[in-house]
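Here the structure comes first, spelled out in structure tokens, and everything after it is commentary.
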Amino acid sequence: MAEPASAADAQRHSAAAERNRQPILEVLQRWLPARGTALEVASGTGQHALHFAAGLPGWAWQPTDPDPAALASIAAWREAAVIANLLPPQTLDVMALPWPIAAPLDAIFCANMLHIAPWATCGALTQGAARHLARSGRLVVYGPFFIDGLATSPGNLAFDADLRARNPAWGLRRLADVEAVAAQAGLALQDRAAMPANNTMLLFERVRSGRPGAAGGTDRAPGAPGD
């Protein structure tokens, strides 16, 4: 009889997640208050969830993913680390309503989903955030984007072409289009941060009277695309 798989066997590893987790955490530490409850959408391997929960001890961090293998990986990382504020992973497909998540949430975080999923997931994510975030809650999105007025790196152009060749529904998204979809959900872009490897972090909050809906940014840092 075959031996049952160990937790280590279930652990997936992403080199990109290993590289970008600390820069992302440092921005989260600037943008988020000292404590709250966060939902992570499309948690993937679980390396981000583990690192962010450890680096944000005042936050209850809820990882989610629609993929059973990803959920097993997240659970395996969580079991090995024993971080009290990292919650057990839950199944969540942003396109499936209703979300099986208790509201209100203080933050929703999503990394590297919009360019490897159909465009409709952007509306599903922002509409879901509008339903589940507390009045002062924040939606934080990380990934590669086309930003009007900024030159696109050759790496991101090649990455976009490769994604669209693999699946015509995939590809890098224009920040202006993401902003427009978020606005339909009542969310406005309040800040953005240039990240390594030609990525950007976006901070959305509920639209408030008299408050501008966009913020400035800086050129992308050099590196490989999509990390």
Side-chain angles (χ1 to χ4, degrees), residues 24 27-28 31-32 37-44 48-49 62-67 70-71 89-150 152 156 159-161 163-164 166-193 195 199-209 211-215 217 225-226:
I24 295 174
V27 177
L28 290 174
W31 283 356
L32 299 181
T37 299
L39 173 74
E40 182 179 355
V41 174
S43 299
H48 276 173
Q62 176 63 71
T64 70
D65 204 278
D67 178 15
L71 294 171
Q90 292 188 24
T91 301
L92 175 64
D93 179 347
V94 296
M95 299 292 291
L97 299 177
W99 287 10
I101 301 297
L105 298 162
D106 301 297
I108 294 176
F109 173 77
C110 181
N112 288 327
M113 181 185 80
L114 296 182
H115 59 285
I116 55 171
W119 173 238
T121 58
C122 184
L125 174 65
T126 54
Q127 292 287 343
R131 287 192 303 271
H132 290 275
L133 284 173
R135 183 169 297 275
S136 60
R138 299 168 184 185
L139 170 64
V140 180
V141 180
Y142 169 92
F145 298 93
F146 292 129
I147 300 177
D148 293 348
L150 290 180
T152 302
N156 269 359
F159 185 43
D160 177 65
L163 288 171
R164 294 181 188 278
R166 290 158 57 190
N167 188 326
W170 294 0
L172 273 64
R173 310 304 179 184
R174 285 182 65 240
L175 175 57
D177 294 336
V178 175
E179 284 189 76
V181 169
Q184 294 174 0
L187 303 175
L189 181 65
Q190 299 300 332
D191 203 354
R192 81 173 191 242
M195 304 296 289
N199 289 288
T200 305
M201 278 182 73
L202 309 174
L203 173 64
F204 293 91
E205 296 179 354
R206 293 189 187 280
V207 175
R208 298 176 187 176
S209 177
R211 187 168 184 178

Separation between CZ of R173 and CD of E179, rounded to the nearest 0.5 Å: 16.0 Å
T64 to V41 - nearest heavy-atom pair and separation: OG1-CA, 3.6 Å
L163/I116 under side chain to side chain contact (heavy atoms under 4.5 Å, CB included): CA gap, chis, key distance, verdict: CA-CA 7 Å; L163 288 171; I116 55 171; 3.8 Å; yes
Shortest non-hydrogen contact from A130 toward A185: CB-O, 3.3 Å
Approximate separation, where rounding is to 0.5 Å, of L32 CG and L203 CG: 8.0 Å
Test item: H115 and P144 side chains (from C-beta on) under 4.5 Å apart, heavy atoms: yes
Derivation and outcome, side chain to side chain contact (heavy atoms under 4.5 Å, CB included), residues T152 and F159: CA-CA 11 Å; T152 302; F159 185 43; over 6 Å; no
Side-chain touch L28/M201, heavy atoms, less than 4.5 angstrom: yes
Beyond-backbone contact of V27 with V140, side-chain heavy atoms, under 4.5 angstrom: no
pair L125-V141: side-chain heavy atoms closer than 4.5 Å: yes
From D191 atom CG to E205 atom CD, the distance as rounded to the nearest 0.5 Å: 9.0 Å
Nearest non-hydrogen partners of W99 and V94, listed with the distance: NE1-O, 3.1 Å
Inter- and intrachain pairs under side-chain hydrogen bond (donor to acceptor under 3.5 Å, both in side chains), touching residues 117-135, at least two apart: none
Closest contact, heavy atoms only, N112 versus G143: OD1-CA, 3.6 Å
Under 3.5 Å donor-acceptor, T91 side chain and P66 backbone: no
F145 vs L114 side-chain heavy atoms within contact, under 4.5 Å: yes
Nearest heavy-atom neighbours spanning W170 and A117: CD1-N, 3.6 Å
Main-chain N/O of L172 paired to R164 side chain as donor or acceptor, under 3.5 Å: yes
Pairwise side-chain contact, L202 with L175, heavy-atom cut-off 4.5 Å (strictly under): yes
Flag side-chain contact, heavy atom, 4.5 Å: Q62 against T37: no
Exercise: identify the closest heavy-atom pair between G123 and V181: CA-CG1, 3.5 Å
Distance (rounded to the nearest 0.5 Å) between D65 CG and Q90 CD: 12.5 Å
Separation between CZ of R192 and CZ of F204, rounded to the nearest 0.5 Å: 10.5 Å
Set of residues satisfying salt bridge (charged side-chain N to carboxylate O under 4.0 Å, His left out) with respect to D106, sequence neighbours excluded: none
